[in-house]
Amino acid sequence: MSHGRFDNPVVAAMAGFLDFFRKQELSDKLTENDRFDGKTCLVTGANSGLGFALAVEIARRGGKVIMACRRQIPEAGEKVKKLSGSSDVRMRYLDLSKIDSIHAFCDGLKKDGIKLDIMILNAGVALPKSRKTESGLDEMFLVNYLANVMLTQLLMTSGVIDISGKNNAFKPRIIVISSDSHQGSSNVDYDEFGRYFEYGTSKAIANYSYFKLVLNTYATELSRKLNNGVFRVGINAICPGPVHTNIIKEAPLVLRATLKSIFSVIFKSPAKACLPVVYMAISPDFEGRTNEYMHMFKPKKMDPKIYIPEEGAKLWDRSLELWKSMDPLARTI
Ligand SMILES: NC(=O)c1ccc[n+]([C@@H]2O[C@H](COP(=O)([O-])OP(=O)(O)OC[C@H]3O[C@@H](n4cnc5c(N)ncnc54)[C@H](OP(=O)(O)O)[C@@H]3O)[C@@H](O)[C@H]2O)c1
């Protein structure tokens with residue numbers, strides 16, 4: 001059975017606290033000269049938490065922002081415009097737990113002639129137990145992992161993200177919002193992979209970290225496949241560290257109250273936590289770089305299993321097979 005680093009949410013939150021004492025080597029590298037003028041940036045899950053703060057900061061730094069969300073349309077976008085002083089902010093409906101919605105979203109970007117320079121795969125859920133989606137998949141598996149596979153594949157095959165490596169001086173960048181809690185999770189378990197089964201809180205916490213390991217492994221394989229000899233797309237992952245957001249909104253009441261008090265006292269604000277992500281998204285320091293990982297402003301290695309080519313190739317094949325088996329409209333690069 002797969003397992004993640006933590007199976008207790010309070011222990012996981014306290015481990016996040018220790019992150020504050022880690023040296024942040026690159027924290028002074030992001031400056032006001034790092035701007036997104038002329039760049040189109042997609043942020044998933046941008047109505048709340050880290051994604052919302054990213055939308056504000058990117059818009060404030062001159063980017064055209066597309067907020068892909070399932071709620072708070074248009075209110076969250078109006079708030080981003082107000083806080084950033086930019087009107088170049090659009091919201092589009094995207095529910096990552098619904099395969100039809102993922103297709104409609106990707107088709108809409110294609111139809112409207114949008115070309116993405118930067119895509120930040122930020123949306124994620126931390127559920128207290130298993131939950132079945134209409135496709136029969138487990139919601140955390142779909143939203144936190146497989147939907148990101150679908151998004152990347154559909155946007156690349158349709159040319160919304162240019163993977164030719166030829167056209168742009170600025171090569172597209174994809175950023176995966178991960179969690180350092182992925183370190184130490186188990187190997188990908190192909191007996192469980194894509195299979196719905198009932199589980200409770202401890203396994204849910206463990207799965208949250210484990211699905212981040214699975215996502216990082218896919219991102220590494222995507223980078224390997226696209227940048228084989230020629231640099232085409234920068235695909236990097238980052239953990240924002242402990243952030244005071246709505247990530248625990250579905251936790252049971254008592255646990256939520258406990259975690260909220262930890263979050264409000266010791267976790268960072270989204271406005272601060274988004275800065276290393278902004279750095280990775282736009283800084284010239286990241287030009288031509290791929291398959292890198294930062295834990296906040298600290299460059300780091302991901303879990304060693306993630307770099308094993310055979311693991312990446314197997315995950316790639318199994319993920320695309322699973323998707324194709326349930327979706328006749330699946331399109332892969
Ligand atoms: N907070 C932390 O300490 C921490 C630490 C490490 C990594 N992260 C990662 O940071 C990312 C952002 O999370 P957050 O902390 O900012 O939490 P958050 O405030 O709960 O934001 C999560 C976002 O994902 C969206 N989302 C969830 N399910 C979705 C779905 N089915 N379709 C579309 N969007 C969906 C949420 O939309 P709704 O508002 O509609 O639910 C929300 O916009 C996540 O990937 C998380 O794993 C967070």
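Only this structure's heavy atoms are used, side chains among them; waters, hydrogens and symmetry mates stay out. Just follow the structure's listing: the first ligand is 1, and inside any ligand the first atom is 1.
- Annotation: Tyr210 is not in aromatic contact with Tyr208 [ring centroid separation under 6.0 Å not met].
- Closest non-hydrogen pair, Tyr196 versus Ser130, comes out as OH-OG, 3.3 Å.
- Taking a cutoff of 4.0 Å between a charged side-chain nitrogen and a carboxylate oxygen, Arg289 and Glu292 qualify as a salt bridge.
- Each of Thr290, Asn228, Asn236 was checked for a side-chain hydrogen bond (donor to acceptor under 3.5 Å, both in side chains) with Ser223, and the lone residue meeting it is Thr290.
- In terms of polar-atom proximity, Cys239 is not counted as a contact of ligand 1, lacking any N or O under 3.5 Å from an N or O of the ligand.
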Distance-only donor-acceptor hits, side chain of residues 56-66, under 3.5 Å, sequence neighbours excluded:
unit_1 : atom_1 : unit_2 : atom_2 : d
Glu57  : OE1    : Arg60  : NE     : 3.3
Glu57  : OE2    : Arg60  : NH2    : 2.8
Glu57  : OE2    : Arg61  : NE     : 2.8
Glu57  : OE2    : Arg61  : NH2    : 3.2
Arg60  : NH1    : Glu32  : OE1    : 3.3
Arg60  : NH2    : Glu32  : OE2    : 3.0
Arg61  : NH1    : Thr31  : O      : 2.9
Arg61  : NH1    : Asp34  : O      : 2.8

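- Between Lys98 and Asp95 there is a salt bridge, since a side-chain N of the basic residue sits under 4.0 Å from a carboxylate O of the acidic one.
- Proximity of Lys212 to ligand 1, defined as any heavy-atom pair under 4.0 Å, is confined to the side chain (atoms from C-beta onward).
- The closest approach between Gly241 and ligand 1 falls below 4.0 Å for a heavy atom of the residue.
- The single protein non-hydrogen atom nearest to atom 10 (O) of ligand 1 is Ile177 CG2, 3.4 Å, given as residue, atom name and distance.
- Between Arg70 and ligand 1, a contact under 3.5 Å exists for at least one N or O pair.
- Residue contacts with ligand 1, taken as heavy atom pairs separated by less than 4.0 Å, do not involve Cys69 at all.
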List the steps, then state whether salt bridge (Lys or Arg N to Asp or Glu O under 4.0 Å) holds for Glu78 with Lys81. CA-CA 5 Å; Glu78 293 310 312; Lys81 286 182 189 167; 3.5 Å; yes
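- Of all protein heavy atoms, the one closest to atom 43 (O) of ligand 1 is Asn47 OD1, 2.7 Å.
- Of the protein's heavy atoms, Thr245 OG1, 3.3 Å lies nearest to atom 17 (O) of ligand 1.
- The shell of residues lying under 4.0 angstrom from ligand 1, judged by heavy atoms, excludes Ser101.
- Of the protein's non-hydrogen atoms, the one nearest atom 26 (N) of ligand 1 is Ala123 CB, 4.0 Å.
- The shortest N or O to N or O distance between Leu96 and ligand 1 is under 3.5 Å.
- For the pair Gly45 and ligand 1, the shortest N or O to N or O distance falls below 3.5 Å.
- Salt-bridge check for Lys300 with Glu25: failed, with every basic side-chain N at 4.0 Å or more from each acidic carboxylate O.
- The ligand atoms of ligand 1 that sit less than 4.0 angstrom from a heavy atom of Ser97 are 31 (N).
- Any N or O atom pair closer than 3.5 Å counts here, and Asn122 shares at least one such pair with ligand 1.
- At the shortest separation from atom 31 (N) of ligand 1 among protein heavy atoms lies Asp95 OD1, 2.9 Å.
- Residue contact check: Ile247 has heavy atoms under 4.0 Å from atoms 1 (N), 13 (O), 15 (O), 17 (O), 18 (P), 20 (O), 46 (C) of ligand 1.
- Closest protein heavy atom to atom 39 (O) of ligand 1: Arg71 NH2, 2.6 Å.
- Contact record, Asp303 with Gln183: N-OE1, 3.1 Å, taken as the closest heavy-atom pair.
- Only the side chain of Tyr208 comes within 4.0 Å of ligand 1, counting heavy atoms alone; its backbone N, CA, C and O stay farther away.
- In terms of heavy atoms, Asn148 sits closest to Val143 at ND2-O, 3.7 Å.
- Close contacts of ligand 1 with Gly49, meaning ligand atoms under 4.0 Å from a residue heavy atom, involve 16 (O), 19 (O).
- At the shortest separation from atom 18 (P) of ligand 1 among protein heavy atoms lies Ser48 OG, 3.5 Å.
- Here the side chains of Cys41 and Phe36 are in contact, with some heavy-atom distance below 4.5 Å.
- With a heavy-atom cut-off of 4.0 Å, Lys249 touches ligand 1 through its side chain alone.
- In terms of protein heavy atoms, atom 16 (O) of ligand 1 is closest to Leu50 N, 2.8 Å.
- In terms of polar-atom proximity, Pro242 is not counted as a contact of ligand 1, lacking any N or O under 3.5 Å from an N or O of the ligand.
- A side-chain N or O of Tyr293 and one of Asp180 form a donor-acceptor pair less than 3.5 Å apart.
- Each of the following atoms of ligand 1 lies closer than 4.0 Å to a heavy atom of Ser178: 6 (C), 7 (C).
- Under 4.0 Å from ligand 1, the heavy atoms of Leu94 that appear belong solely to its backbone.
- In this structure, of Gly124, Ser181, Ala126, the residue bringing a heavy atom nearest to atom 22 (C) of ligand 1 is Gly124.
- Taking every heavy atom of both residues into account, Pro172 and Arg232 meet most closely at CD-O, 3.6 Å.
- Near Val125, meaning under 4.0 Å from any of its heavy atoms, are these atoms of ligand 1: 27 (C), 28 (N).
- Between the side chains of Thr44 and Asn122, no donor-acceptor pair is found at a separation under 3.5 Å.
- Considering backbone and side-chain atoms alike, Val143 places every N or O at 3.5 Å or more from each N or O of ligand 1.
- Using modelled atom types and a 3.5 Å distance limit, the side chains of Glu192 and Ser2 yield a donor-acceptor pair.
- Residue pairs meeting the ring-ring contact (aromatic ring centres under 6.0 Å, His included) criterion with at least one member in residues 120-157, sequence neighbours excluded: Phe141-Tyr145, Phe141-Phe193, Phe141-Phe211.
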